[in-house]
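These notes are about the structure you will find just below.
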Amino acid sequence: MKKKIVAGNWKMNKNLDEGIKLTSEIATLIKDAPVNGVEIIIVPPFTHLTDLNKLLQDNDQIRLGAQNCNENNSGAYTGEISAAMLKSSGVDYVVIGHSERRTYYNESDELLATKVNQALINGLTPIYCCGEPLSVRESNSHEDYVFTQISNGLFHLSQESFGNVVIAYEPIWAIGTGVTASAAQAQEMHKAIRNHLASKFGHDAAGNSSILYGGSCKPSNAKELFALADVDGGLIGGASLNPEDFVDIIRSF
Ligand code: 13P
């Protein structure tokens with residue numbers, strides 16, 4: 001079943017003490033005024049996962065995600081983190097193919113397909129990111145660009161495996177810029193993505209998949225975005241570093 005999800009991607013921000021404080025504040029705000037029916041995911045740096053897992057062990061609404069995983073099972077890959085390690089640290093979700101990793105670390109769709117496999121084999125839900133740069137949007141080829149990212153990264157999966165994948169559409173021109181996709185742009189793209197997924201996995205599977213929006217999502221625009229028919233939540237960057245803003249976004253559903 002399609003889930004409503006709000007995930008906070010902290011990127012490379014917050015030291016451990018700050019991360020514990022931020023998580024505690026989010027948990028307290030949610031406990032004081034519960035939000036029903038929304039899966040809340042905190043996606044901190046790797047170094048914080050074990051401590052945050054302990055902190056959240058009695059919390060059944062806030063889950064943990066990681067920002068990346070390696071494409072191999074285990075072995076001589078100095079500095080890398082496997083999906084199995086994440087699972088054993090209490091992680092349920094892993095962000096795969098964030099545009100920052102595609103751009104700064106040259107992660108290709110083909111590599112990301114293998115990371116998706118690793119995540120699924122190890123019982124993690126991949127949050128597979130896609131999204132076009134401004135030049136592609138301006139040349140009006142954004143749909144094809146995103147469809148290719150999705151086909152290359154996910155279309156090798158069985159329908160059953162696809163049922164465990166979350167999609168995040170994050171137009172690069174909206175990430176960290178303060179410029180959000182308009183409601184019309186977001187709905188048009190999310191609907192197109194869902195149709196593309198349906199062409200491979202069928203209407204039911206596509207209809208049940210959660211497609212999150214990311215890119216300058218904040219308390220002032222979350223309500224409008226989350227009300228859209230094909231937007232099932234958000235992947236939040238900057239605003240997830242502030243507990244009140246993050247919880248306001250969660251309450252926008
Ligand atoms: P911002 O919300 O800071 O634009 O970042 C979005 C993002 O990249 C989340 O993964």
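In listed order, ligands and their atoms are each counted from 1.
- Ligand 1 lies within reach of Ser216, whose nearest heavy atom is under 4.0 Å from it.
- No side-chain heavy atom of Leu120 sits less than 4.5 Å from a side-chain heavy atom of Phe162.
- Residue Asn9 has at least one N or O atom closer than 3.5 Å to an N or O atom of ligand 1.
- Looking at Gly214 next to ligand 1, no N or O pair under 3.5 Å apart turns up.
- Of the protein's non-hydrogen atoms, Gly238 N, 2.8 Å is the one closest to atom 3 (O) of ligand 1.
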Start with the C-alpha distance between Tyr169 and Val231, add both sets of side-chain angles, then the distance that settles side-chain contact (heavy atoms from CB on, under 4.5 Å), and finish with yes or no.
CA-CA 9 Å; Tyr169 169 61; Val231 174; over 6 Å; no
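- At a heavy-atom distance under 4.0 Å, no atom of Ser240 approaches ligand 1.
- Taking 4.0 Å as the cut-off between side-chain N and carboxylate O, Asp232 and Lys4 do not count as a salt-bridged pair.
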Quick one, Glu107 with Arg102, criterion salt bridge (Lys or Arg N to Asp or Glu O under 4.0 Å). Give me CA distance, side-chain angles, the key distance, then yes/no.
CA-CA 4 Å; Glu107 295 194 350; Arg102 290 174 182 269; over 6 Å; no
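- Residues Asp230 and Arg194 are paired through a salt bridge, judged by an N-O separation under 4.0 Å between the basic side chain and the carboxylate.
- Annotation: atom 2 (O) of ligand 1 to nearest protein heavy atom, Gly237 N, 2.9 Å.
- With a 4.0 Å cut-off on non-hydrogen atoms, Lys218 does not touch ligand 1 at all.
- Below 4.0 Å from some heavy atom of Ala174 lie the following atoms of ligand 1, by number and element: 4 (O).
- Side-chain atoms of Asn221 and Thr180 include a donor-acceptor pair closer than 3.5 Å.
- In this structure, atom 9 (C) of ligand 1 lies nearest to the protein heavy atom Glu170 OE2, 2.9 Å.
- Note that CD1 of Ile172 and OG1 of Thr103 are 5.0 Å apart. Values are rounded to the nearest 0.5 Å.
- Taking the ring centroids of His196 and Phe155, they lie under the 6.0 Å cut-off.
- Annotation for ligand 1: atoms under 4.0 Å from non-hydrogen atoms of Gly176 are 1 (P), 3 (O), 4 (O).
- Contact analysis leaves Cys129 out of contact with ligand 1, as no non-hydrogen atom separation drops below 4.0 angstrom.
- Between Ile96 and Val116, the closest side-chain pair of non-hydrogen atoms falls below 4.5 Å.
- For the pair Lys11 and ligand 1, a heavy-atom separation below 4.0 Å is found.
- Interface of Gly215 with ligand 1, defined as ligand atoms under 4.0 Å from a residue heavy atom, comprises 4 (O), 6 (C).
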